[in-house]
Each structure stands twice: as structure tokens, then as C-alpha cells.
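Contents: one structure, followed by commentary.
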Protein chains: 2
Amino acid sequence: MPRRSQHSKDELRQLALEAVLVIAERDGSQAVSARKVAQEIGYAPGMLYYLFESIDDLILHANARTLASMIRSLRTAVQRKSPQRALLAMARQYLELAQHNGRRWQLLFEHAMRHDAPVPDWYRQQTDALFRLVEEQLAALAPEKKEKEIQLAARAIWSAVHGVCLLAVTGKLEVGGKVPATRLVDSLVRHYLAGWVASA
Amino acid sequence: MPRRSQHSKDELRQLALEAVLVIAERDGSQAVSARKVAQEIGYAPGMLYYLFESIDDLILHANARTLASMIRSLRTAVQRKSPQRALLAMARQYLELAQHNGRRWQLLFEHAMRHDAPVPDWYRQQTDALFRLVEEQLAALAPEKKEKEIQLAARAIWSAVHGVCLLAVTGKLEVGGKVPATRLVDSLVRHYLAGWVASA
DNA sequence: ACCTGAACACCGTTCAAGT
DNA sequence: ACCTGAACACCGTTCAAGT
């Protein structure tokens with residue numbers, strides 16, 4: 001019946017995205033649903049399909065925000081440090097984000113695995129921006145390496161850091177000794193870089 | 001109304017677990033549901049709650065099977081190889097499993113992230129068995145290292161391998177060049193080990 | 001003891017209908 | 001153009017009731 005139009009389409013979109021993150025942080029990432037998002041912003045569930053293609057599309061856009069703020073955070077971690085120290089700082093900061101913003105982070109990587117559907121291009125460009133930050137430091141660290149080698153190493157090391165953060169946050173790494181996650185990240189970055197730089 | 005009792009409780013449990021994996025492989029990991037599992041084995045949905053605590057408990061048990069077969073597969077990959085070659089072979093085999101049994105693997109790691117509930121002990125022991133395989137090889141590689149160091153390195157390297165496999169399988173690593181995932185795994189294991197062994 | 005069938009409180013998504 | 005409300009086809013889970 002109604003026709004509210006209090007907000008523009010884009011304002012509504014922003015409200016919905018905000019609501020996704022609020023719900024994820026408040027009630028857990030599993031609690032995010034189209035119906036709850038709609039309720040949170042005071043609209044009927046069907047309205048969301050006028051803003052987004054699907055609930056997956058909605059969550060993906062919300063995750064893009066999280067990703068963007070993560071990239072900003074990593075960028076500031078670099079500062080004017082040497083390449084090695086910058087990479088170490090980035091990895092630590094990534095872990096810090098994973099541990100501190102746990103639920104937002106969970107929404108990001110949980111959802112990434114849903115469906116076999118390929119990730120849309122606009123989203124891929126965001127993740128590529130993250131790899132580029134790593135590539136920059138690797139190139140500064142080893143200027144003699146070819147671009148291909150830099151790309152490969154950036155993907156190897158960052159996937160590795162991601163894996164450590166993932167298993168650490170989901171509590172799958174503790175054993176009797178309870179190794180602190182930051183030690184794992186440090187060990188990984190330090191030794192991989194040492195081996196990589198030394199290699200022909 | 002009925003009381004069938006054609007199968008023992010344990011037989012029924014095995015049937016249900018089998019059904020979970022069949023559905024995951026046939027229809028995708030997202031398609032696994034209590035109702036579908038019940039239908040697959042020809043029972044009413046409610047019956048499953050007489051066998052398992054919840055759908056999560058059911059899937060966790062099915063995943064334990066996948067994990068066990070993965071561990072067996074990694075064990076055979078070791079053979080009589082040198083520690084370095086054994087670790088490389090294990091990592092490659094892990095990637096191979098991830099790529100070949102994609103949907104089973106997806107069910108395993110998707111589900112691992114659901115809920116904040118801690119993973120039960122009987123499941124943790126399974127994952128620990130995997131780390132122990134890695135620790136064995138690291139201990140053989142560097143007998144002078146302390147046990148603590150071995151444990152830390154095993155978790156670091158295996159989380160890293162896991163991360164590479166995860167992002168590779170979910171297609172988040174390709175860029176223009178399309179780096180083959182096995183190169184990433186190789187680079188990671190080789191360089192990390194080189195750096196680790198060389199470190200004091 | 002073993003299992004059903006119906007019920008409850010949820011989902012995502014579509015779409016005719018109202019302004 | 002913008003949004004609702006109801007409907008459809010799904011969920012997980014519980015539990016009285018039947019044998």
C-alpha cells in the first residue's frame with residue numbers, strides 16, 4: 001500500500017549494508033537474514049530485492065565494506081618501515097583485525113565459501129588490492145626478482161597468513177602448550193621471507 | 001506409527017553419515033539438510049534426532065570421516081621420503097584432495113566455521129593427528145629443535161598450506177597470470193623450511 | 001524402544017496489488 | 001516508481017502418539 005520514499009535508493013542501500021554488519025556483530029554472522037535486515041531498517045522483506053539481487057549479493061556488498069576498511073588498516077600499518085618489518089606489521093595487523101572484529105571477519109570468510117558461483121569482478125578487484133599491497137613490499141625487498149615471482153610469492157605468503165589467522169580465530173590450533181597466534185604469524189613471515197630472498 | 005527396526009542404531013547412524021556425503025557430493029555442500037538426509041535413507045526427519053544431537057552434530061561426524069580418510073591419504077604420501085620431500089608430498093596431496101574431492105572438502109571447512117560453539121574433543125583429536133604427521137617430519141628434519149619449536153612450526157606451516165589450498169580451491173588467487181596452485185604450495189613449503197632450518 | 005506426523009518458528013524469494 | 005503483504009517452497013527441531 002504505502003509509498004514512503006523517505007530515502008533515496010542509494011540511502012536505502014547504505015542503510016541495509018549497515019544493518020547487515022550491525023546484526024552480524026550483535027547476533028553473530030549466522031543470524032544475518034533478509035528478514036532480519038528488513039526488520040532492522042523498518043521495511044518489508046521483499047523490499048530488499050528491489051535494492052539487491054539476492055541475500056548473497058547483499059552480504060557480498062557488506063563484506064566489501066569490511067574488506068575496504070581492512071585494506072585501509074593494513075596500509076597504515078606499513079608506515080615507513082623496511083619491507084620485512086612492513087610485511088610483518090601487516091600480517092600482525094591482519095591477525096589483530098581477525099581477532100578483534102571476529103564476527104565481521106567471520107561473515108566475510110564464511111560467505112566467501114558459499115555456493116560455487118564465481119565471485120563478481122567488482123569484488124575480486126578489492127581482494128586484488130590487498131595482494132598488491134603485499135607485492136609492493138616484496139618488490140622493494142627483492143628488486144631483482146621478476147614480476148611473476150613477486151606475484152607468486154605475494155599470493156603464497158598472504159594465503160598462508162590468512163590460513164593461520166583463520167585457524168587461530170576458529171580455535172583449531174591450540175594444543176597443550178597454547179601457542180600464541182602472533183608467534184605463528186611471525187614464524188611464518190620471517191622464515192618464508194628468509195628462504196625466499198635467499199633462493200635464486 | 002511404525003516400528004521398523006530393520007537396522008540397528010549404529011547401522012542407521014552409518015547410513016545417515018553416508019547419506020550426508022552423498023548429498024554433499026551430488027547436490028553441493030549447501031544442499032545438505034536434515035530433511036534431505038532423512039529422505040535419502042527413507043525415514044522421517046525427526047528420526048535423526050534419535051541418532052544425533054543436531055544437524056551440526058551429524059555433519060561433524062560425517063566430516064570426521066572425511067578427515068580420517070584424508071589423514072590416511074597423507075600418510076601414504078610420506079612413504080620413505082626424506083623429511084623435506086615428505087612434507088612437500090603431503091602438502092601437494094592435501095591440495096590434490098582439496099581440488100579433487102571439492103565438495104566434501106567444502107563441507108568440512110565450511111562447517112568448521114559455523115557457530116561459535118567449541119569443537120568437541122573427539123573431533124579435535126582427529127585434527128591433532130594431522131598436525132602430528134607434520135611434527136614427525138619436522139622432528140626428523142631438525143632433531144636439534146625443541147619440541148615447542150616443532151609444534152609451533154608444524155602449526156604454522158600446515159595452517160599456511162591449508163590457507164593456500166582454501167583460497168586456491170575457492171578461486172581467489174588467480175590473476176592475469178593464473179598461477180598454478182601447486183607452485184604456490186611448493187614455494188611455501190620450500191622457502192619456509194629453508195628459513196626455519198637455517199634459523200638458530 | 002523405535003519411529004512417525006504434525007506442528008512451531010524460522011528461512012529466501014516472487015509478485016500481484018496498492019499508492 | 002516504490003513498497004507491501006501474502007504466498008510458495010523450503011529449513012531445524014520437538015514431541016505426543018502409535019506400535
Side-chain angles (χ1 to χ4, degrees), chain A residues 1-17 19-20 22-24 26-63 107 110-117 120, chain B residues 1-17 19-20 22-24 26-63 107 110-117 120:
Chain A
M1 302 140 162
R3 97 134 123 168
R4 315 217 210 156
S5 191
Q6 302 170 2
H7 301 284
S8 75
K9 197 165 174 175
D10 196 64
E11 281 173 333
L12 239 32
R13 250 196 275 264
Q14 301 309 319
L15 280 174
L17 294 179
V20 168
V22 165
I23 294 167
R26 192 187 52 206
D27 308 326
S29 60
Q30 295 290 321
V32 175
S33 74
R35 292 177 122 99
K36 225 169 243 166
V37 170
Q39 190 194 6
E40 183 80 18
I41 60 178
Y43 284 82
M47 187 271 277
L48 290 175
Y49 293 81
Y50 155 72
L51 300 175
F52 298 94
E53 285 192 357
S54 66
I55 180 71
D56 282 326
D57 185 42
L58 168 57
I59 294 178
L60 209 62
H61 276 88
N63 283 341
L107 186 71
E110 235 167 52
H111 190 260
M113 307 212 294
R114 296 231 279 255
H115 300 307
D116 310 285
Chain B
M1 299 141 163
R3 97 135 124 165
R4 314 217 211 154
S5 189
Q6 301 170 4
H7 301 283
S8 74
K9 196 165 175 175
D10 195 63
E11 281 173 332
L12 239 31
R13 249 196 274 265
Q14 300 309 318
L15 280 175
L17 294 179
V20 167
V22 166
I23 293 168
R26 193 186 52 206
D27 308 325
S29 61
Q30 294 291 321
V32 175
S33 74
R35 293 177 122 100
K36 224 169 244 165
V37 169
Q39 190 195 5
E40 183 80 18
I41 61 177
Y43 284 81
M47 188 271 276
L48 291 175
Y49 293 82
Y50 153 72
L51 301 175
F52 298 94
E53 284 192 357
S54 67
I55 180 72
D56 281 326
D57 184 42
L58 168 56
I59 294 179
L60 208 62
H61 276 88
N63 283 341
L107 186 71
E110 235 167 52
H111 191 261
M113 308 212 293
R114 294 231 280 255
H115 300 307
D116 309 285

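Predicted model, so just to flag it, every value in this text is computed and none were measured. All chains are named by letter (A, B, ...) in the order of the sequence lines, taking the proteins before the strands, and each is independently numbered beginning at 1.
Partner assigned to C:dT19 is D:dA1, using Watson-Crick or G-U wobble distances below 3.5 angstrom. Across all strands shown, D:dT14 forms a Watson-Crick or G-U wobble pair, both distances under 3.5 Å, with C:dA6.
The environment of CD in A:Q14 is crowded: more than 12 heavy-atom neighbours from other residues, nucleotides or ligands sit within 6.0 Å.
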field: side-chain contact (heavy atoms from CB on, under 4.5 Å) between B:L12 and B:Y43, intermediate numbers included
entry: CA-CA 10 Å; B:L12 239 31; B:Y43 284 81; 3.7 Å; yes

message: Checking A:I41 against A:M47 for the side-chain contact (heavy atoms from CB on, under 4.5 Å) test, could you report, in this order, the C-alpha distance in whole Å, the side-chain angles of both residues, the deciding distance, and whether it holds?
response: CA-CA 11 Å; A:I41 60 178; A:M47 187 271 277; 4.1 Å; yes

query: Once each nucleotide of nucleotides 9-16 of chain C is scored for protein heavy atoms under 4.0 Å, what B/S/- sequence comes out, 5' to 3'?
result: --BBBB--

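Regarding B:H7, its NE2 atom lies at a distance of 16 Å from the C1' atom of C:dA1, rounded to whole Å. Rounded to whole Å, atom C1' of C:dT4 lies 16 Å from atom CD of B:Q39. With rounding to whole Å, A:L12 atom CG is found 17 Å from D:dA1 atom P. In this entry the distance linking NZ of A:K9 with P of D:dC3 reads 10 Å, nearest Å. Atom CD1 in B:I41 sits about 14 Å away from atom C1' in C:dT4, given to the nearest Å. Rounded to whole Å, the distance from CZ on A:R13 to C1' on D:dC2 is 13 Å.
Of all heavy-atom pairs spanning B:Y49 and B:I55, the tightest one is OH-N, 4.4 Å. Residues B:A19 and B:V37 approach most closely at CB-CG1, 4.1 Å, considering heavy atoms. When every heavy atom of B:E40 is checked against every heavy atom of B:R26, the shortest pair comes out as OE1-NH2, 3.1 Å.
Looking at heavy-atom distances under 4.0 Å, B:L58 makes no contact with the nucleic acid at all. Within the 4.0 angstrom heavy-atom criterion, no nucleotide atom of any strand lies near A:L51.
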